[in-house]
Student: 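Got a structure for you, written out below as structure tokens; questions coming shortly.
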There are 2 protein chains.
Amino acid sequence: MTGWLAIAGLGPGDDRLVTPEVSAALAEATDVVGYIPYVARVAPRPGLTLHPSDNRVELDRARAALEMAAAGHRVVVVSSGDPGVFAMASAVFEALEGRPDWQALDIRVLPGITAMLAAAAAAGAPLGHDFCCINLSDNLKPWAVIETRLRHAARAGFAMAFYNPRSASRPEGFAKALATLREECGPDRLVTFARAVSTPDQRIETVTLAEATPEMADMRTVVILGNSATRRVGRFVYSPRSVR
Amino acid sequence: MTGWLAIAGLGPGDDRLVTPEVSAALAEATDVVGYIPYVARVAPRPGLTLHPSDNRVELDRARAALEMAAAGHRVVVVSSGDPGVFAMASAVFEALEGRPDWQALDIRVLPGITAMLAAAAAAGAPLGHDFCCINLSDNLKPWAVIETRLRHAARAGFAMAFYNPRSASRPEGFAKALATLREECGPDRLVTFARAVSTPDQRIETVTLAEATPEMADMRTVVILGNSATRRVGRFVYSPRSVR
């Protein structure tokens, strides 16, 4: 049996947002590896072994998946959203460093609908012009880097999508981010809080930066800040295509 | 008959990257509206009218689609990739301005796999850390805005994805962008040219900024510039999850 490894994105939650390419890989897999809630989205079947693991063990998980593929298994590493956006693809490539044997394996990345694009679609089109995408978690980078990025992004005129805005363990980070953004962008800039996008718990709320509070976000929320031209039309929010 | 409008993303080209949500909308549609090559990707069937139109008539196309939905048609406006990323969603919302009658319609945006995510997946994971996404076309914004954005993005430490890097009508823009990026990021920064991603014509090439030439890109190319930590591992290129 020839093993392979697919690093696949399950999209934000709704099964209708899982690509046929990912569904096909899951149908052929012998093993599915990933964070507990993502593996729980894969239906069990005979011949398929599920390997759920806890958060923050990404590198161990990547190595375990590569070991299995090297041993001839057909392995899918699952991420929510897209595997290349703050998810498992980088961890797998990090695990490949210094391992030419693993580098020779059949490894594919299968893209998925990342949370910010599903959130933008649910809200309208706030990312319809140039934008950036920032992980607000300071687990893997110092806060000073995040603040510098926010200021440059504001001065560049980007709309911004924020992943991991807020967790119980570091509730103060997002409050600091909002303060920085208010300073750079003013009180009237529109900001959309998109929680649990595409699931039955979905909630989309657009307010101004003046009205935004840290409590509006949790770890299931993607936050999208508009650019200076982002506006409401009816129940939607969108960024125009032109810069005047 | 109750009309509706879906603004749908067909993904970058491969049918296995079209979401089931989008396929379902197309199966229920009476009318499909969009740029000629994108409408050509929808299979004709009895009861479905295809409305292909030329490039650069986005607003007229959006209005025509809204007129049909208001008249009771089930209309899908198709874009390549994701409709919210430099595509038709913003044009439809622009067409809604000042038209409360149209704003009351059933309008949904159906996300798709945008080109940069498919390109990143084909290359490895170059967008695995904070990144930005810039449309290099200066049809809808002055070049000075593009240059300012490139400089801020470089100083923020973002990886960067570039859409519409080069066209026959303005070949000099991308050369200027490369010069600016060399100045800001140095000659060794990795840059991936991803042409016709997920189609039979796909070609992925990663070089350094010193080696990059404007001719490596055309209008079917998405260009991804790594951040300062982006590196090769085996045949892949990826951005590590951590900032040291």
Side-chain angles (χ1 to χ4, degrees), chain A residues 11 14-21 24 58 82-86 89-91 93-94 96-97 100 103-104 109-114 117-118 120-122 124-125 127-135 140-142 145 148-149 152-153 155-158 233-236 238-243, chain B residues 11 14-21 24 58 82-86 89-91 93-94 96-97 100 103-104 109-114 117-118 120-122 124-125 127-135 140-142 145 148-149 152-153 155-158 233-236 238-243:
Chain A
D14 186 333
D15 283 345
R16 294 173 308 162
L17 297 180
V18 180
T19 67
E21 183 182 55
E58 287 78 9
D82 181 273
V85 177
F86 312 130
S90 284
F93 293 118
E94 195 178 328
L96 284 183
E97 301 255 13
Q103 290 168 20
V109 182
L110 311 183
I113 303 290
T114 187
L117 296 186
L127 302 178
H129 197 70
D130 299 340
F131 65 94
C132 67
C133 177
I134 302 178
N135 190 341
L140 295 167
K141 67 189 162 200
V145 170
T148 299
R149 288 181 180 179
H152 277 297
R155 292 169 196 179
F158 289 137
V233 58
R235 63 193 183 279
F236 303 104
Y238 85 103
S239 298
R241 298 167 301 146
S242 314
V243 169
Chain B
D14 187 333
D15 283 346
R16 295 172 309 161
L17 297 179
V18 180
T19 67
E21 183 180 56
E58 288 79 8
D82 181 272
V85 178
F86 312 129
S90 284
F93 293 118
E94 195 179 327
L96 284 183
E97 300 256 14
Q103 290 167 22
V109 182
L110 311 184
I113 303 289
T114 187
L117 296 185
L127 302 178
H129 196 69
D130 301 337
F131 66 93
C132 67
C133 177
I134 301 178
N135 189 340
L140 295 167
K141 67 189 161 201
V145 169
T148 299
R149 289 182 179 177
H152 277 296
R155 291 168 196 181
F158 289 136
V233 58
R235 62 192 184 279
F236 303 105
Y238 85 105
S239 299
R241 298 165 303 145
S242 313
V243 169

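Chain naming here is simple, since letters A, B, ... match the order of the sequence lines and numbering starts at 1 in each.
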Student: As an exercise: rank A/Cys133, A/Ala89, A/Gly84 by heavy-atom pairs under 4.5 Å with chain B and give me the winner.
Tutor: A/Cys133

Student: Please confirm whether the backbone N or O of A/Asn135 pairs with a side-chain atom of B/Asp130, one donor and one acceptor, at under 3.5 Å?
Tutor: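 Yes, because the side chain of B/Asp130 sits within donor-acceptor range (under 3.5 Å) of the backbone of A/Asn135.
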
Student: Taking all non-hydrogen atoms of both residues into account, name the closest pair between B/Tyr238 and A/Glu97 and its distance.
Tutor: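 That closest heavy-atom pairing would be OH-OE2, 2.5 Å.
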
Student: At a heavy-atom distance under 4.5 Å, which candidate from A/Thr114, A/Thr19, A/Val85 has the highest pair count against chain B?
Tutor: A/Thr19

Student: I'd like to know which of B/Thr148, B/Val18, B/Ile113 tops the heavy-atom pair count under 4.5 Å against chain A.
Tutor: B/Ile113

Student: Kindly assign one of parallel, tilted or perpendicular to the pair B/Phe86 and A/His129, based on the angle between their ring planes and the thresholds 30° and 60°.
Tutor: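 The arrangement is perpendicular - the two ring planes meet at more than 60°.
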
Student: With a 4.5 angstrom heavy-atom cut-off, could you sort out which part of A/Phe131 is near chain B: side chain, backbone, both or neither?
Tutor: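 The answer is both parts of A/Phe131.
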
Student: Less than 4.5 Å to any heavy atom of chain A: does that hold for the side chain of B/Phe236, its backbone, both, or neither?
Tutor: side chain

Student: Taking the side chain as everything from C-beta on, heavy atoms only, tell me whether A/Asp82 gets closer than 4.5 Å to B/Leu127.
Tutor: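 SC-SC contact between A/Asp82 and B/Leu127 ruled out.
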
Student: Rounded to the nearest 0.5 Å, what separation is found between the CD atom of B/Glu21 and the CZ atom of A/Arg16?
Tutor: 5.0 Å

Student: Nearest 0.5 angstrom please: A/Glu58 CD to B/Arg241 CZ, how far?
Tutor: 5.5 Å

Student: State, to 0.1 Å, how close B/Pro111 and A/Leu117 come at their nearest heavy-atom pair, and which atoms those are.
Tutor: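 Taking B/Pro111 first and A/Leu117 second, the nearest heavy atoms are CB-O, 4.0 Å.
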
Student: In terms of heavy-atom proximity below 4.5 Å to chain B, should A/Ala91 be classed as side chain, backbone, both, or neither?
Tutor: both

Student: Looking only at heavy atoms, which two atoms of B/Ser90 and A/Gly128 are closest? And how far apart?
Tutor: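 Answer, listing the atom of B/Ser90 first, then A/Gly128: OG-CA, 3.4 Å.
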
Student: Check whether B/Arg235 reaches the backbone of A/Gln103 with its side chain - one donor and one acceptor, N or O, closer than 3.5 Å.
Tutor: yes

Student: When rounded to the nearest 0.5 angstrom, what is the spacing between CZ in A/Phe158 and CZ in B/Arg149?
Tutor: 6.5 Å

Student: Does a side-chain heavy-atom distance below 4.5 Å link A/Pro20 with B/Asp15?
Tutor: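 The answer is no, as the side chains (C-beta and beyond) never meet within the 4.5 Å cut-off.
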
